[in-house]
Amino acid sequence: MRSADEVTGRQAAETADDVVEAVPGPVAKRRWTRTDTWTALGFLGLAVFVVIQLWIDPNGRVLAGNRDDHGIFLFMLAHAERVVFDGASLFYEDRLNVPDGVNMMANTSILALALPLAPVTHFLGGGVTAALVITLGLGGTAFAWYWVFSRHLGRTPLAAIVGAAWCGFAPAMVSHANGHLNFVSNYVLPFIVWQVLRLREPGRVWRGGVILGLLIVLQIFINEEALLFLALTLGVFAVSYALMRRDETRLVWKRFTGGLGVAALTSGALSGYPLYIQFFGKGSYHGQPFEPSVYVTDLASLGAFARQSLAGIGPVARRLSVSATEDNTFFGPFGLVMIIVSIVILWRSAAMRATAIAGIVLLVMSLGPELRLVGFKTGIPMPFALISHVPVIDLVSVTRFAMVPAMVAGVLLAFAIDRIRDYPALTRKRFKIGMVLALVPLIPKPLPVNEGVPMPEFITAGLWRQYVPEGRTLVTVPLPDVTTGRTGQRWATLNNFDYATPRGYFMGPADPPWDDTGSWRAPHRYTSQLLWSVREYGYSPALTDTDRERIKADLAYWRAAVVVLIPDDRNVAAQRATLVDALGSPELVGGVEIWRVNS
């Protein structure tokens, strides 16, 4: 029986493919090549192509696929600008949802991205920063995978490029580019994967553990949800691989778990306080504002095309997906076949079997507690029902677990492209044809955009400053809220919260302290409900004196100095009539009607 010290560097390097001959120790370093340059430029060019319609006017346009989430990330970028330029609190924002504020750790605040880019937000506007983050997220994620495939996992340039292109521009990634700045910025994940695999090597417990811990902290401040998915994936991979390679596991498990322990200590020490704020601080919440059966993966979506793919058909994708930002599978018929073919080709490799198993397990989790097929509930229970209310698991959107098999598919394709070289010529030819049929229909199309409501002179010329003293708020109607008040929040964030505003679209407790379930909006108040109904149904009710007093009480609660009616909104005449009934005749200033509110 060999001792742990007898496990050589060559054996330790066999973390990726048991079939392909491993090189001694980690893959040998190689210099930057012309291929690397062209690959980087190619990925960047494709990312610009995907985001081109937003780049034309980033501060004036909004992503049509998910205008609300585009808006919430403008909020995150404006918060970071205030932290850097105004010394605002890092983990709380008091200029939205006045007077309660927002717990930024309990939201997708992307601090690791937004803080370094705060000068861009300050001088060029949050819309430019958002377009930049999406572009660098898509291209950067692809190049990060290319780097790991080619430098650390020994893949040939072609295999590395194809696998990385899938990981960076798969339908899931392009779908989330419709507004989820966090989910397209996955360039840390491949390096976390590689550092976890390297913990098997001798002498890596402390150094490897610290490096892994630092990467985990960085990812926490980009996207915790993706980190959770990756942790679950690596856990399934490790258990599966250990069961298949028991002799090797006995030799390496101590240093592997030791490295994980060091990583946990490192990341815990650096992120413990922010995570405490997230889960227990003011504005924290528990659970999601929807049941786990609502946002799940439709089994039929595996072989369909996403709406942003070249072969995508909008009505079909809408039937099989919960939203334009959640086309998390959609591999296409040939893509699905080639993923299965790749698994067959690589099945002799324990590492690849474990990789495939991890992808399948997370795919099954994404199906939710009940199988859904072509938009219909089948009544067939799924394993996720057993864990749907486990803490932390209950904070994620279930369908997003399917982003894991999308990533795993890229890994399998990269290794299969190299492995197919050992097959007969006819098999290689068929494989190449299959890859072309799989990849060409998945080429992404540019993201659709809409023109945002232009900011009036009252905002752009700073006329609001004459009406809103420090400590008071500017209240736009419709009130800033999820789906109904996107314009007011967008105006405030594009001005980097020079003025404060009540309510907003963010994640917080539904009705504290009685109900701390997660909600996308501030707790309801009489005025917010009234104005929502007027906008929604176009009916302006006759107000009583009691109603007017309640409206004035809400405005006082929000510290309102001025109310601004957003022009050209839905049922704006009814909204205006309600405001006139409650507050009297407006003034016309800087292109908008306003109502002064006495303190």
Side-chain angles (χ1 to χ4, degrees), residues 66 68-69 72-73 76 103-110 137 170 172-173 175-186 188-189 192 216 219-237 267 271 274-275 278-280 283-298 301 321-329 358-372 382-408 482 505-510 516-520:
N66 196 328
D68 300 312
D69 284 356
I72 200 173
F73 279 101
M76 307 306 167
N103 183 328
M104 299 305 294
M105 281 303 300
N107 284 264
T108 52
S109 53
I110 57 171
M173 289 289 289
S175 168
H176 283 281
N178 276 292
H180 293 165
L181 277 62
N182 55 340
F183 272 111
V184 298
S185 302
N186 290 334
V188 177
L189 300 185
I192 292 178
I216 289 172
Q219 183 60 36
I220 285 173
F221 291 103
I222 296 176
N223 186 357
E224 293 178 48
E225 221 172 326
L227 181 62
L228 173 63
F229 298 155
L230 183 62
L232 293 172
T233 305
L234 291 173
V236 175
F237 171 88
S267 59
S271 63
L275 292 178
Q278 174 178 344
F279 291 106
F280 303 104
S284 61
Y285 58 89
H286 299 87
Q288 291 278 24
F290 50 81
E291 290 297 319
S293 60
V294 175
Y295 298 118
V296 299
T297 297
D298 192 305
S301 68
S321 174
V322 297
S323 77
T325 46
E326 301 292 349
D327 291 350
N328 292 311
T329 46
I360 292 170
V361 168
L362 271 292
L363 175 61
V364 171
M365 291 179 67
S366 78
L367 299 175
E370 179 184 349
L371 183 65
R372 185 172 298 179
M382 300 301 293
F384 184 79
L386 301 175
I387 60 171
S388 61
H389 296 293
V390 173
V392 180
I393 296 292
D394 67 351
L395 292 175
V396 305
S397 296
V398 178
T399 182
R400 293 177 186 169
F401 284 109
M403 294 190 73
V404 170
M407 177 191 71
V408 166
V482 58
Y505 173 30
F506 60 93
M507 284 296 294
D516 65 352
T517 304
S519 173
W520 287 314

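Just so it is clear, the values below take in all heavy atoms, side chains as well, and ignore hydrogens, waters and symmetry mates. If you read the sequence from its start, that first residue is 1, and numbering goes on from there.
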Report task. Would you indicate whether the side-chain heavy atoms of M382 and V296 approach each other to under 4.5 Å? Result -> no
Query - Non-hydrogen atoms of Y505 and W520 that approach each other most closely - result: CD1-O, 3.5 Å
Report task. Enter the distance from S301:OG to D327:CG here, rounded to the nearest 0.5 Å. Result -> 8.0 Å
Query raised in the report: In Å and rounded to the nearest 0.5 Å, what is the CG to CE distance from L386 to M365?
Result: 10.5 Å
Report summary line: On a heavy-atom basis, the closest approach of V294 and R372 is O-NH1, 3.5 Å
Report task. May I have the step-by-step check of side-chain contact (heavy atoms from CB on, under 4.5 Å) for F401 and V364, ending in yes or no? Result -> CA-CA 9 Å; F401 284 109; V364 171; over 6 Å; no
**Report entry** Trace of the side-chain contact (heavy atoms from CB on, under 4.5 Å) decision for D68 with I72
**Finding:** CA-CA 6 Å; D68 300 312; I72 200 173; over 6 Å; no
**Report entry** side-chain hydrogen bond (donor to acceptor under 3.5 Å, both in side chains) involving N223 - partner list, sequence neighbours excluded
**Finding:** none
Query - Shortest non-hydrogen separation from Q219 to I192 and the atoms involved - result: CB-CD1, 4.0 Å
Report summary line: CD of Q288 to OG of S519, rounded to nearest 0.5 Å, is 10.5 Å
Report summary line: On a heavy-atom basis, the closest approach of G283 and P509 is O-CD, 3.4 Å
Query raised in the report: Within a strict 4.5 Å, meaning less than it, do heavy atoms of the V361 and V404 side chains meet?
Result: no
Report task. To the nearest 0.5 angstrom, please state how far the CD atom of Q278 sits from the CG atom of N107. Result -> 9.0 Å
Report summary line: Scanning both residues in full, the closest heavy-atom pair of M76 with I110 reads CB-CG1, 4.2 Å
Requested in this report: State whether the side chain of S109 and the backbone N or O of M105 hold a donor-acceptor pair below 3.5 Å, judged by distance alone.
Outcome: no
Requested in this report: Considering non-hydrogen atoms only, spot the tightest contact between A106 and Y285 and give its length.
Outcome: O-OH, 2.8 Å
Query - M403 and S366, any side-chain heavy atoms less than 4.5 Å apart - result: no
Query raised in the report: Any sub-3.5 Å donor-acceptor pair from E225's side-chain atoms to F183's backbone N or O?
Result: no
Query raised in the report: Can you check side-chain contact (heavy atoms from CB on, under 4.5 Å) on H180 and T108, steps first, answer last?
Result: CA-CA 9 Å; H180 293 165; T108 52; over 6 Å; no
Report task. Decide side-chain contact (heavy atoms from CB on, under 4.5 Å) for V236 and L232; before the verdict, give the C-alpha distance in whole Å, the side-chain angles of both, and the deciding distance to 0.1 Å. Result -> CA-CA 6 Å; V236 175; L232 293 172; 5.6 Å; no
Report summary line: OH of Y295 to CD of E326, rounded to nearest 0.5 Å, is 9.0 Å
Query raised in the report: In this structure, which one of N66, T325, N328 forms a side chain to side chain donor-acceptor pair (under 3.5 Å) with H176?
Result: N328
Query raised in the report: Can you check whether S284 reaches D516 side chain to side chain, under 4.5 Å on heavy atoms?
Result: no
Report task. Enter the distance from L181:CG to D69:CG here, rounded to the nearest 0.5 Å. Result -> 10.0 Å
Requested in this report: Look at the side chain of S175 and the backbone N and O of A324, then say whether any donor-acceptor pair between them is shorter than 3.5 Å.
Outcome: yes
